[in-house]
Amino acid sequence: MAKESRRYRPNLLITGTPGCGKTTTCELLQRRLPDFTYYNISEFAEKHKCYEGYDKDRKSHIVDEDKLLDELEPLLHEGKSIIDWHVNDVFPERLIDLVVVFRCDNSILFDRLHARGYHEAKIQENLDAEIMGVVLQDAMESYEQEIVVELQSNTTEDMDSNVDRIVAWEKNWVEQHPEGVTNELPEYLAKKQGKKAAQEESESDSESESASESESEADEESESEDKE
Ligand code: DAT
């Protein structure tokens with residue numbers, strides 16, 4: 001029987017609306033966790049050509065998430081990863097141990113995105129996403145709530161204390177998992193994913209039922225129109 005693959009150090013997913021401080025914080029974090037590998041997913045996708053097109057409006061490539069995961073997943077089996085991306089719901093739950101969502105006040109975020117040279121629509125899109133907490137919501141829906149941590153990143157003091165907290169969390173994780181954790185699908189996640197898939201299926205069934213109901217209503221209407 002093949003030996004089960006395990007990791008003995010955690011994988012950290014650092015996420016948040018663009019401009020919230022992911023990359024800057026990750027650089028500081030990596031100095032404190034020097035044996036960790038830092039994956040900036042935008043750069044990783046470019047290096048490994050994980051693109052499936054180009055969005056002219058956003059002036060950015062569209063990442064092929066399947067290809068991205070094919071490339072990244074074996075690397076995550078080692079643990080010791082810092083993953084930096086504003087999208088968080090694509091990484092398999094069984095491979096992620098902590099999800100940090102950085103938040104930022106809107107006036108500060110505006111200044112940062114403006115300084116980056118983003119055009120007005122792109123700034124507004126990101127500000128709206130930050131106000132609505134889109135990244136946090138995605139994280140909460142995609143991972144167990146206990147591993148999702150929301151941290152403010154407005155000031156350099158915030159950044160320093162965020163790095164301290166993540167380093168302390170990592171140390172704690174190692175102490176609490178002397179046997180490591182599996183890279184394979186644990187039973188509780190298999191059950192959870194099974195339930196979620198069944199729920200999605202029944203939702204899409206009822207959507208298509210109501211769509212066909214309204215179709216038949218429309219048919220009836222057009223029939224009665226025909227009669228008139
Ligand atoms: P992201 O990787 O989330 O897009 P970033 O790390 O590139 O964001 O940060 C954008 C800019 O904002 C950059 O000039 C550094 C600055 N910044 C980020 N977080 C900060 C914080 N907590 N305090 C002060 N400046 C910060």
Side-chain angles (χ1 to χ4, degrees), residues 10-34 36-48 50-51 54-55 57-63 65 68-69 71-72 75-76 80-91 96-143 147-170:
N11 289 323
L12 316 174
L13 173 55
I14 310 295
T15 187
T17 308
C20 279
K22 298 180 293 295
T23 303
T24 319
T25 310
C26 285
E27 280 164 12
L28 295 176
L29 189 59
Q30 212 204 352
R31 282 188 224 159
R32 299 273 299 276
L33 298 171
F36 273 58
T37 307
Y38 169 57
Y39 298 105
N40 179 313
I41 296 300
S42 306
E43 287 170 8
F44 186 92
E46 190 178 348
K47 187 171 162 202
H48 295 271
C50 307
Y51 292 142
Y54 187 78
D55 184 334
D57 295 337
R58 289 204 169 83
K59 296 195 180 75
S60 60
H61 287 98
I62 302 162
V63 172
E65 292 174 351
L68 171 74
L69 282 183
E71 297 283 346
L72 189 65
L75 304 171
L76 297 185
K80 295 189 285 186
S81 308
I82 303 172
I83 307 162
D84 166 357
W85 208 23
H86 62 280
V87 182
N88 61 61
D89 53 4
V90 297
F91 305 102
I96 301 296
D97 301 294
L98 177 70
V99 184
V100 177
V101 182
F102 285 134
R103 302 303 304 272
C104 184
D105 288 353
N106 249 43
S107 59
I108 298 175
L109 189 58
F110 174 87
D111 291 343
R112 290 183 192 166
L113 296 178
H114 192 256
R116 214 178 239 187
Y118 278 11
H119 56 84
E120 212 175 304
K122 195 165 174 180
I123 294 180
Q124 198 53 51
E125 186 182 75
N126 284 305
L127 293 180
D128 289 347
E130 183 56 13
I131 291 177
M132 292 189 289
V134 171
V135 178
L136 179 65
Q137 202 180 327
D138 287 349
M140 290 295 207
E141 283 169 11
S142 309
Y143 303 94
I147 70 157
V148 179
V149 182
E150 181 183 9
L151 297 175
Q152 283 298 319
S153 183
N154 293 321
T155 63
T156 49
E157 290 77 21
D158 287 343
M159 197 146 51
D160 290 340
S161 87
N162 291 341
V163 172
D164 287 344
R165 283 182 68 169
I166 299 167
V167 170
W169 183 92
E170 197 277 330

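Read the numbers this way: they start at 1 and go in the same order the structure lists the ligands and their atoms. For reference, positions follow the sequence shown, starting with 1.
Here the protein heavy atom with the shortest distance to atom 7 (O) of ligand 1 is Arg116 NH2, 2.9 Å. Closest to atom 21 (C) of ligand 1 among all protein heavy atoms lies Arg112 NH2, 3.2 Å.
The nearest protein heavy atom to atom 1 (P) of ligand 1 is closer than 4.0 Å.
Contact annotation for Thr155 and ligand 1: only backbone heavy atoms (N, CA, C, O) come within less than 4.0 Å of the ligand. Neither the backbone nor the side chain of Asp84 comes within 4.0 Å of ligand 1, counting heavy atoms alone. Contacts with ligand 1 closer than 4.0 Å are made by heavy atoms of both the backbone and the side chain of Lys22.
Applying side-chain contact (heavy atoms from CB on, under 4.5 Å) to Arg103 and the options Val135, Leu109, Leu136 leaves one that passes, Leu136. Partner of Asp84 under the side-chain contact (heavy atoms from CB on, under 4.5 Å) criterion, chosen from Phe44, Tyr39, Tyr38: Tyr38.
At a 3.5 angstrom cut-off on N or O pairs, Gly19 counts as close to ligand 1. Considering backbone and side-chain atoms together, Gly21 places an N or O closer than 3.5 Å to an N or O of ligand 1. Ligand 1 has an N or O atom lying under 3.5 Å from an N or O atom of Thr24, backbone or side chain. For the pair Ser153 and ligand 1, the shortest N or O to N or O distance falls below 3.5 Å.
Shown in contact with Pro18 at under 4.0 Å from a heavy atom are these atoms of ligand 1, numbered in order with element: 4 (O).
Annotation: side chain of Gln137 is in contact with side chain of Glu141 (closest heavy-atom distance under 4.5 Å).
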(message) Quick one, Asp105 with Gln152, criterion side chain to side chain contact (heavy atoms under 4.5 Å, CB included). Give me CA distance, side-chain angles, the key distance, then yes/no.
(response) CA-CA 8 Å; Asp105 288 353; Gln152 283 298 319; 3.9 Å; yes

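Of the possible donor and acceptor atoms, none in the side chain of Asp164 sits under 3.5 Å from a partner among the backbone N and O of Ser161. Remark: the backbone N or O of Asp138 is not paired with any side-chain donor or acceptor of Asp89 at under 3.5 angstrom.
Ring geometry for His61 against Tyr51 counts as parallel: the plane angle stays under 30°, on a 0 to 90° scale with 60° as the upper cut.
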Extract all donor-acceptor atom pairs below 3.5 Å that involve side chains of residues 10-20 and protein atoms in other chains or at least two apart in sequence.
{"unit_1": "Asn11", "atom_1": "OD1", "unit_2": "Ser81", "atom_2": "N", "d": "3.4"}
{"unit_1": "Asn11", "atom_1": "OD1", "unit_2": "Ser81", "atom_2": "OG", "d": "3.0"}
{"unit_1": "Asn11", "atom_1": "ND2", "unit_2": "Leu76", "atom_2": "O", "d": "2.9"}
{"unit_1": "Asn11", "atom_1": "ND2", "unit_2": "Leu95", "atom_2": "O", "d": "2.8"}
{"unit_1": "Thr15", "atom_1": "OG1", "unit_2": "Trp85", "atom_2": "O", "d": "2.9"}
{"unit_1": "Thr15", "atom_1": "OG1", "unit_2": "His86", "atom_2": "O", "d": "3.4"}
{"unit_1": "Thr17", "atom_1": "OG1", "unit_2": "Glu130", "atom_2": "OE1", "d": "2.5"}

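For the ligand labelled ligand 1, residue Cys20 lies inside the 4.0 Å heavy-atom shell. Note on ligand 1: His86 sits outside its first shell, no heavy atom being nearer than 4.0 Å.
Between Asp158 and Asn154, the shortest heavy-atom distance links the atoms OD2-N, 2.8 Å.
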